[in-house]
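Worksheet for the structure shown next.
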Amino acid sequence: MTMTDAVPQSPSPALAADELPTTYRAADVESALYARWQAAGTDVASVARVDRTGGTRPPYTIMMPPPNVTAILHVGHGLNNTVQDVLIRWRRMAGDEVLWLPGTDHAGIATQNVVEKQLAAEGSTRQQLGREAFVARTAQFVETTGGAILSQLKSIGASADWTRTAYTLTEPMSAAVTEAFVRLFEDGLVYRGHRVIHWCPRCLTSLSDEEAEFNDTQGAMYYIRYHIADDASRSIVVATTRPETLLGDVAVAVNPTDERYTDLLGRELVLPLNGVRIPVIADDYTDADFGTGAVKITPAHDPNDFEVGTRHQLATPVIMDAEARLNGLGDAVDRVPPELRGVDRFEARQRIVNMLRDIGALVKIEPHAHSVRHCYRCDTVVEPRLSDQWFVKMAPLATPALEAVRTGRIRIMPERWEAVYINWLEGIRDWNISRQLWWGHRVPVYYCDDCGTAPKASRMPITHCSECNAPARQDEDVLDTWFSSWLWPISTLGWPNSDSADLKAFYPGDVLVTAPEILFFWVSRMIMSGYQFMGDAPFHTVYLHGTVRDMQHRKMSKSLGNGIDPMDVVTLYGADALRWTMVAGMGLGVDVLLDPTDLEKSFAPGRNFLTKLWNIGRFLLTKVGTEPVQPLSAIAPDTLTMADRWILDRLDVAITDANDALGPVRPGPSGRWTEAERTMGMRLDAYADAGRRFVWNELADWYLETVKPRLTAGGPDAEVARAVLVHAFDGALRLLQPVLPFITETLWAKLPPLADGSARGGEFLCTTAWPEARTETRSSAVSGDAFELVRNATLAIRQVRNEYKVKPGKVIEVTLVPAAPDAAAAPLLLETIGALTKATVSLHPVADVPAAHQVLAGGTEVVIALAQLRDELSVDDTAKEVARLRTEIDATQKILDGVRAKLGNESFTSRAKPEVVEGARAQERDLAQKVEALTRKVEAL
RNA sequence: GGACGCGUAGCUCAGCUGGUUAGAGCGCUGCUUUCACACAGCAGAGGUCCGGGGUUCGAGUCCCUGCGCGUCCACCA
């Protein structure tokens with residue numbers, strides 16, 4: 001049974017307190033409420049409602065970064081999706097037709113690795129199974145385990161459009177991948193390249209530059225002596241970090257200007273261990289100041305050496321196999337001595353070093369720190385490998401993507417990433433898209449081995465050669481996972497079908513929310529594909545959020561065991577607490593720090609605020625009851641008390657602050673962000689703070705306290721108070737719905753009906769309107785600002801009570817001496833202050849007795865006779881009070897002097913902004929009054 | 001090696017185009033279990049805004065520099 005169900009729609013005058021437990025129990029509410037949203041279709045996007053396709057609403061589209069299909073939700077996903085959900089829920093209320101499109105990624109290498117591990121556990125391999133069976137088995141695995149993450153996303157409240165859930169290996173998505181490949185192939189932007197690429201000897205596939213990550217490693221530099229052929233007296237010492245590759249050397253290169261080696265240019269050296277003769281060549285690539293100034297050139301096993309080798313038309317002997325064991329391939333078979341054949345590269349390194357030492361060719365070994373590339377999926381050291389791969393020519397694609405950011409079509413937040421993005425695109429290199437895997441989209445290229453006609457890329461499978469009708473053979477490789485990911489914003493909407501209604505309605509989209517780590521992998525490539533295939537960017541804002549880390553600032557990871565399971569948090573404190581903690585604690589682009597060993601402390605902000613909000617609701621709903629309440633519009637303005645005006649003003653401020661924090665939704669008519677707009681908005685923490693401040697520090701701490709007696713008093717004023725109370729809370733719930741969808745919806749459902757029978761905007765809070773600040777100016781006799789006097793007087797009295805340690809229950813007498821008496825407000829004002837401070841407050845001046853004095857801004861004095869604070873007065877008390885006043889006078893005078901000095905300065909009054917100067921003048925008046933009043937009091941004592 | 005960012009209360013961080021007495025959350029101290037909430041209320045302590053120069057009537061905010069930390073990029077074998 002849900003909380004909502006538990007409350008009958010009975011016309012009982014008051015909501016029984018026991019219908020609402022004292023603490024919010026998320027577990028009783030969340031899943032059932034989510035199911036009701038789902039049943040009502042609150043998060044399903046409608047093409048018909050979009051203005052681009054005949055409707056009236058602007059679309060607001062976010063594509064969910066698809067998690068790996070086999071992934072389990074971690075707290076990083078939680079953060080990422082919460083941010084998206086906040087934006088989506090905000091815009092949904094604000095009247096946009098929102099589409100948040102969810103889905104999963106087949107994750108080529110990652111998924112294949114998981115299944116291969118399973119096979120290994122069964123004592124099998126994918127090769128034993130064969131390609132078809134392996135793919136079937138992997139698909140089966142995905143079928144049974146995949147999608148779990150999507151239901152976990154539902155548990156944290158993600159209001160995505162699940163009717164459009166996508167998966168990169170479905171038929172339509174595969175068609176998009178093939179279409180993109182074939183178009184690029186036909187345009188000459190996809191080509192076959194023969195070069196040294198990054199190879200993972202464990203995954204047995206090539207990797208793109210981005211997938212081969214640098215890790216700083218403490219290695220060694222080996223100095224090895226190569227002798228000149230036929231001249232034992234001459235030699236060159238080369239420096240290398242990878243001595244095992246010397247078997248594949250084809251030359252030693254020196255800088256042409258390096259005089260040390262000039263006379264050896266063109267001579268031949270003898271490779272130790274295999275006796276192969278190689279030339280000494282000159283090439284600018286070599287830096288004379290590094291190492292010995294002589295570089296061994298191994299074209300098949302180093303990308304730079306490959307370049308050098310190409311320039312000098314050198315051979316490319318391969319001396320390692322796919323598993324990175326020493327083995328001479330083809331002509332190079334004799335380059336590897338028999339005793340080293342089949343030896344793993346790292347073992348071989350050790351053995352070769354020993355062999356070199358034995359023959360006296362090892363000069364020295366020095367420690368050497370350098371960066372080594374590792375496989376981003378299995379962390380194996382990547383082996384440069386000469387092979388044939390498919391590449392995408394990136395420079396033409398990068399041009400519009402660069403322009404997009406430069407001209408403001410796209411903004412990247414935080415802004416500093418724009419420079420990184422531009423820097424990367426300017427130096428972009430071609431993208432290796434073929435992978436020697438089985439799990440993924442197979443390269444749609446077909447070969448004829450018979451007549452040798454040129455390979456063809458095809459949208460449809462080719463079974464026979466068009467030239468000679470021999471059986472055609474499809475390329476064995478699959479495409480990089482990111483080759484399907486980069487199409488995500490268009491393929492999920494139906495591309496390449498240009499008639500797709502979704503594509504017309506929701507492309508281009510709006511915001512992309514992700515982590516900076518995949519700026520190159522994914523974000524920039526989506527921008528490129530958007531321009532290439534649709535002629536426009538897929539979104540106008542890239543929001544890069546921080547990483548969730550532990551208290552030692554370490555990234556949370558499975559291997560470190562420092563992760564937080566979001567589901568644990570949901571179970572303990574609720575999805576809203578998880579969401580609130582992350583959103584409220586996250587500056588733009590700032591990492592979120594959470595302690596995995598202390599969930600209680602980590603999620604205290606969320607849990608505490610939920611409980612507070614719940615209790616505010618509990619109290620308010622109990623007091624207000626279930627009788628119909630007047631809409632605010634039906635309340636005559638002059639019946640509003642100053643407290644009413646104050647809280648309504650504060651609500652306006654909260655709404656304005658929230659809107660400012662969230663910022664401009666989309667660029668203006670030009671379609672481009674202005675320079676100023678690039679950095680505006682998307683401050684989710686500031687938005688959350690505006691909501692928290694209103695509901696906790698203003699509504700609960702002040703307004704609720706003052707409204708209590710009015711409600712119990714009954715009569716017309718009680719109706720006014722009810723109306724304002726309900727309106728203010730309704731506004732607060734609307735404001736907080738995007739971050740706290742469950743608790744706000746639950747409380748909102750319990751608000752009493754409106755007396756005019758209007759429906760308050762529908763069945764669900766999540767689909768009602770975003771609150772709007774009132775535009776009409778305040779026009780009452782009693783301004784909401786007057787309530788500030790109540791607040792200040794209350795604070796002053798409390799301070800005195802605390803200072804003199806007056807018992808909490810003791811009622812004291814307080815005299816207020818207003819600087820500018822407001823006759824109309826006075827009675828209520830006094831009563832309210834009294835209620836807030838356990839005091840009887842009067843305006844009658846008291847005789848000059850020993851008293852505590854407080855002077856408020858504006859000059860109103862608060863006087864509390866000391867006699868009632870102390871059982872017996874002593875001289876000390878008066879002296880103490882005098883001393884306190886003197887201290888305060890000094891402090892105030894100091895500030896006043898500062899302000900006066902400033903105002904006396906010509907440069908300030910003439911150059912500072914008028915409102916700043918005016919503020920200083922007002923401050924001067926207040927401070928002067930205060931000093932004067934305080935001084936009078938000291939004299940009186 | 002290049003580029004960028006950060007260094008503000010015990011901790012994590014806000015502080016927009018320089019202008020009131022620098023803020024929040026968590027933590028800490030004292031008081032209070034008052035009939036919404038102790039996951040609370042009230043009052044409070046705590047900051048040379050990393051150091052040093054400079055620009056300015058005025059700098060946490062701009063410039064230079066030193067120190068410390070971090071991120072991204074990069075073929076130095």
Side-chain angles (χ1 to χ4, degrees), chain A residues 17 20 22-24 214 221 238-242 253 285-287 289-298 302-305 307 368 370-371 414 416-417 419-421 423-424 427 516-517 519-520 551 553 573 577 581 584-594 600-602 604-623 660 676 679-680 683 685-686 689 692-693 700-701 704-705 795 798-799 801-803 805 807-809 837-838 891-892 894-895 898-899 901-902 904-913 915-917 919-920 922-924 926-927:
Chain A
L20 295 164
T22 52
T23 50
Y24 171 64
F214 280 107
M221 183 71 83
V238 297
T240 179
T241 55
R242 306 201 53 209
Y285 163 67
T286 306
D287 178 355
D289 296 329
F290 188 88
T292 60
V295 189
K296 60 194 267 320
I297 299 299
T298 324
D302 183 284
N304 302 304
D305 291 7
E307 298 294 320
H368 181 71
H370 59 146
S371 288
R416 61 195 153 88
W417 287 103
V420 175
Y421 171 91
N423 183 275
W424 184 74
E517 291 100 276
L519 183 60
F520 305 141
M551 301 318 278
H553 295 216
Y573 314 116
T581 301
M586 179 192 61
L588 179 62
V590 176
D591 290 344
V592 177
L593 268 64
L594 296 170
E600 173 126 355
K601 189 180 170 185
S602 290
R607 186 200 54 171
N608 293 357
F609 183 47
L610 283 197
T611 305
K612 186 69 187 184
L613 181 61
W614 182 252
N615 277 292
I616 291 166
R618 208 157 73 90
F619 173 69
L620 184 144
L621 293 168
T622 311
K623 288 285 175 193
D660 286 349
T679 58
M680 284 169 68
R683 269 32 173 220
D685 55 335
D689 195 51
R692 187 194 55 75
R693 224 175 41 235
D701 288 351
L704 285 185
E705 299 297 333
L795 292 171
R798 282 176 180 166
Q799 203 178 323
R801 291 191 70 121
N802 247 283
E803 201 169 310
K805 302 203 187 311
K807 288 216 168 64
T837 57
K838 271 254 186 265
T892 312
K894 212 169 158 188
I895 300 163
V899 175
K902 192 195 285 186
N905 189 319
E906 183 69 23
S907 309
F908 173 68
T909 47
S910 60
R911 278 197 258 163
K913 285 183 201 157
E915 59 264 33
V916 173
V917 177
Q923 193 193 0
E924 194 219 351
D926 277 359
L927 290 170

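It should be emphasised that the depicted structure is a prediction, and the values quoted were computed from it without experimental measurement. The analysis underlying the following values was restricted to heavy atoms, covering all of them including side chains, and did not include hydrogens, waters or symmetry mates. Naming: A, B, ... by sequence-line order, numbering from 1 per chain.
Using a 4.0 Å cut-off, some side-chain N or O of A/R911 falls inside it from OP1 or OP2 of B/rC57. For A/K805 and B/rA43, the shortest distance from a side-chain N or O to OP1 or OP2 is not below 4.0 Å. In this structure, A/N608 reaches the B/rC26 phosphate: one of its side-chain N or O atoms is under 4.0 Å from OP1 or OP2. At least one side-chain nitrogen or oxygen of A/H368 sits closer than 4.0 Å to the OP1 or OP2 atom of B/rA77.
Nearest to the side-chain atoms of A/F290 among the listed nucleotides B/rC76, B/rC13, B/rC37 stands B/rC76. Listed nucleotides: B/rU12, B/rC4, B/rC42. Nearest to the side chain of A/R416: B/rC4. Among the nucleotides B/rC37, B/rC42, B/rU17, the one closest to any side-chain atom of A/T611 is B/rC37.
B/rG15 and B/rC73 have their P atoms separated by 26 Å, given to the nearest Å. Remark: the separation of the C1' atoms in B/rG18 and B/rU55 is 11 Å, to the nearest Å. The gap from the P atom of B/rU12 to that of B/rC69 amounts to 15 Å, rounded to the nearest Å. Here the separation of B/rG25 from B/rA43, taken at their P atoms, is 13 Å to the nearest Å.
Side-chain N or O atoms of A/R801 include one that pairs as donor or acceptor with a backbone N or O of A/K838 at under 3.5 Å. With hydrogens and angles disregarded, no donor-acceptor distance shorter than 3.5 Å links the side chain of A/N615 to the backbone of A/R618. Of the possible donor and acceptor atoms, one in the side chain of A/T581 sits under 3.5 Å from a partner among the backbone N and O of A/G606.
Residue-level contact check: A/G293 touches the bases, meaning some heavy atom is under 4.0 Å from a base atom. A/A920 comes within 4.0 angstrom of no nucleic acid atom, judged by non-hydrogen atoms across all strands. A/V420 comes within contact range of the sugar-phosphate backbone alone, with a heavy-atom separation under 4.0 Å but no base atom that close. Nucleic acid contact for A/R798: sugar-phosphate only, since backbone atoms but no base atoms lie under 4.0 Å from a heavy atom of the residue. Backbone-only contact: A/P605 has heavy atoms under 4.0 Å from sugar-phosphate atoms and none from a base. Within the nucleic acid shown, A/L588 has no heavy atom closer than 4.0 Å to any nucleic acid atom. Residue A/T679 is out of contact with every strand shown, counting any heavy-atom pair closer than 4.0 Å.
Using N1 to N3 plus N6-O4 or O6-N4 for Watson-Crick, or N1-O2 and O6-N3 for G-U wobble, each under 3.5 Å, B/rC39 pairs with nothing. With a 3.5 Å ceiling on both atom-pair distances, B/rG58 lacks any Watson-Crick or G-U wobble partner. The partner of B/rG18 is absent, by the rule that a Watson-Crick or G-U pair needs both atom distances under 3.5 Å. Pair assignment for B/rA9 gives none, since no Watson-Crick or G-U wobble pairing has each distance under 3.5 Å. Across all strands shown, B/rA3 pairs with B/rU71; the Watson-Crick or G-U wobble distances both stay below 3.5 Å.
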### Message
Using salt bridge (Lys or Arg N to Asp or Glu O under 4.0 Å), reason through A/E906 and A/R911 one step at a time and then give a plain yes or no.
### Response
CA-CA 8 Å; A/E906 183 69 23; A/R911 278 197 258 163; over 6 Å; no
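Each of A/W424 and A/I895 lies near RNA chain B, and the nucleotide nearest A/I895 is the one positioned closer to the 5' end.
Straight-line distance from the CG atom of A/D591 to the P atom of B/rU71: 9 Å, rounded to whole Å. In this structure, A/N304 atom CG and B/rC76 atom P are separated by 8 Å, rounded to whole Å. Between the CZ atom of A/F520 and the P atom of B/rA74 there is a distance of 8 Å, given to the nearest Å.
Judged by atom type and distance alone, A/K601 does not reach the base of B/rC26 through any side-chain donor-acceptor pair under 3.5 Å.
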